[in-house]
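This report concerns only the one structure given below.
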2 protein chains.
Amino acid sequence: MEQDQIFVKMAVDSWNGQLAATSKLLDKLTDEQLQEEVSPGKNRGVYLLGHLVAVHDKMLSLLLLRDELYPELYPVFVQSPDKEHADLPSIAQLREQWTAVNEKLNGHINKLKAEEWFGRHANISAEDLAKEPHRNRLNVLLSRTNHLSNHRGQLALLVK
Amino acid sequence: MEQDQIFVKMAVDSWNGQLAATSKLLDKLTDEQLQEEVSPGKNRGVYLLGHLVAVHDKMLSLLLLRDELYPELYPVFVQSPDKEHADLPSIAQLREQWTAVNEKLNGHINKLKAEEWFGRHANISAEDLAKEPHRNRLNVLLSRTNHLSNHRGQLALLVK
């Protein structure tokens with residue numbers, strides 16, 4: 001295996017590991033538990049679930065793979081704090097969207113070749129990437145893996 | 001910049017970013033806040049701080065860099081759950097150890113050459129690494145970066 005393929009495998013495995021652990025955790029949490037705040041006065045589980053769906057959905061366009069599936073979630077779960085919108089999507093719907101968006105994303109992720117991972121994403125020009133080659137698509141994946149770990153740690157607090 | 005150096009920069013930047021964000025968060029939290037549970041019935045801030053110090057300290061030997069600085073923390077903060085030990089080190093001491101262990105670790109991390117990152121760590125033999133080359137030192141760094149993100153998300157709940 002070439003060194004660039006090894007690194008891509010490491011980053012994709014790390015993403016898949018966090019994704020699998022989060023899906024397992026969400027399966028364990030009831031809808032009632034997801035309605036609770038992860039700590040008094042902090043975000044509710046349902047908000048964090050919607051937030052993760054919206055951020056992963058945005059990766060589809062950020063990684064130049066395709067348009068978002070659910071662009072309506074971004075203003076509600078990323079650009080607004082929890083409790084600002086009274087009429088959130090149901091937890092059942094967000095659970096389905098969580099599965100659908102990650103399946104769509106991973107369909108693309110598993111097909112990208114190593115050299116494509118080192119290409120540009122939507123928020124950087126080819127000129128800037130030439131100067132700062134680490135600001136590539138794979139770096140987005142690393143960053144979103146950390147983001148997922150961060151919120152998974154919070155969602156885990158809802159387990160009784 | 002060679003492609004292997006680009007990966008290493010991405011992984012090390014990601015580690016340093018999480019470390020800086022966690023140190024900033026710890027500076028913001030008072031000792032009183034760190035004595036609180038991150039959510040009712042869950043780990044206290046002081047335990048998570050000790051846990052991160054112990055896990056980062058263990059990285060010194062796992063990455064084959066040197067012996068641990070504070071091996072006495074591992075049984076208390078990794079092999080035991082919170083509230084099992086009545087006499088924990090003081091928060092002042094753990095704060096100093098957090099800084100010291102990360103400085104020691106980063107002194108080594110910043111000197112490792114790209115090819116050294118793709119070498120073995122203490123928990124894998126040279127034979128197994130030849131078969132599974134992604135199980136290298138850099139993979140440990142990716143994994144510990146996710147671990148740090150996970151617990152940083154929990155510590156952030158202590159901010160009022």
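We name chains A, B, ... by the order of the sequence lines, and we start the count at 1 in each one.
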* Applying the 4.5 Å side-chain criterion to the ILVMFWY set and letting contacts propagate, would B:Leu62 and B:Trp117 be lumped into a single cluster? -> yes
* Structure fact -> Answer key: most heavy-atom pairs under 4.5 Å with chain B among A:Ala11, A:Ser143, A:Gly41, A:Pro133 is A:Pro133
* To do: Mark yes when over 12 heavy atoms from residues, nucleotides or ligands other than B:Glu2 sit less than 6.0 Å from its CD; otherwise mark no.
  => no
* To do: Taking all heavy atoms of A:Ser149 and all of B:Ser149, pick out the closest pair and write down the distance.
  => CB-CB, 3.8 Å
* To do: Give a yes or no on whether B:Lys160 atom NZ has more than 12 heavy-atom contacts from other residues, nucleotides or ligands under 6.0 Å away.
  => yes
* **A:Val76 reachable from A:Leu94 in the ILVMFWY side-chain graph, under 4.5 Å edges** => yes
* Asked: What part of B:Leu148 is in contact with chain A, defined as an atom under 4.5 angstrom from a non-hydrogen atom: side chain, backbone, both or neither?
  -> neither
* Asked: Do A:Leu69 and A:Leu26 belong to the same hydrophobic cluster, where Ile, Leu, Val, Met, Phe, Trp and Tyr are linked whenever their side-chain heavy atoms lie under 4.5 Å apart, directly or via other members?
  -> yes
* Taking atom types as modelled, is there a side-chain donor on B:Ser14 or A:Asn146 under 3.5 Å from an acceptor on the other? -> yes
* To do: Could you please spell out the steps behind the side chain to side chain contact (heavy atoms under 4.5 Å, CB included) verdict for A:Asp4 and B:Phe7?
  => CA-CA 8 Å; A:Asp4 58 346; B:Phe7 316 143; 3.6 Å; yes
* Asked: Picking from B:Gln154, B:Met10, B:Lys9, which has the most non-hydrogen pairs under 4.5 angstrom with chain A?
  -> B:Met10
* **Same apolar cluster: B:Leu25 and B:Phe77, side chain cutoff 4.5 Å** => yes
* **A:Lys113 atom NZ, over 12 foreign heavy atoms within 6.0 Å** => no
* Structure fact -> So, the part of B:Phe118 with a heavy atom under 4.5 Å from chain A: the answer is side chain
* **Nearest-0.5 Å distance that lies between atom CD1 in B:Ile6 and atom CD in A:Glu132** => 11.5 Å
* Asked: Is there a donor-acceptor pair under 3.5 Å between the side chain of B:Ser39 and the backbone N or O of A:Val38?
  -> yes
* **Minimal non-hydrogen separation, B:Gly153 against A:Asn150, with atom names** => CA-OD1, 3.3 Å
* **Residues from residues 42-58 of chain A approaching chain B under 4.5 Å (heavy atoms)** => A:Lys42
* To do: Please report the C-alpha distance between B:Asp13 and A:Leu142 in whole Å, then the side-chain angles of each, then the deciding distance to 0.1 Å, and finally whether the side chain to side chain contact (heavy atoms under 4.5 Å, CB included) criterion is met.
  => CA-CA 10 Å; B:Asp13 281 359; A:Leu142 284 185; over 6 Å; no
* To do: Return the option, out of B:His151, B:Gln18, B:Arg152, B:His147, with the maximum number of heavy-atom pairs under 4.5 Å with chain A.
  => B:Gln18
* **B:Ile109 reachable from B:Leu112 in the ILVMFWY side-chain graph, under 4.5 Å edges** => yes
* Structure fact -> Whatever's closer than 4.5 Å to a heavy atom in chain B on A:Leu138 counts as both
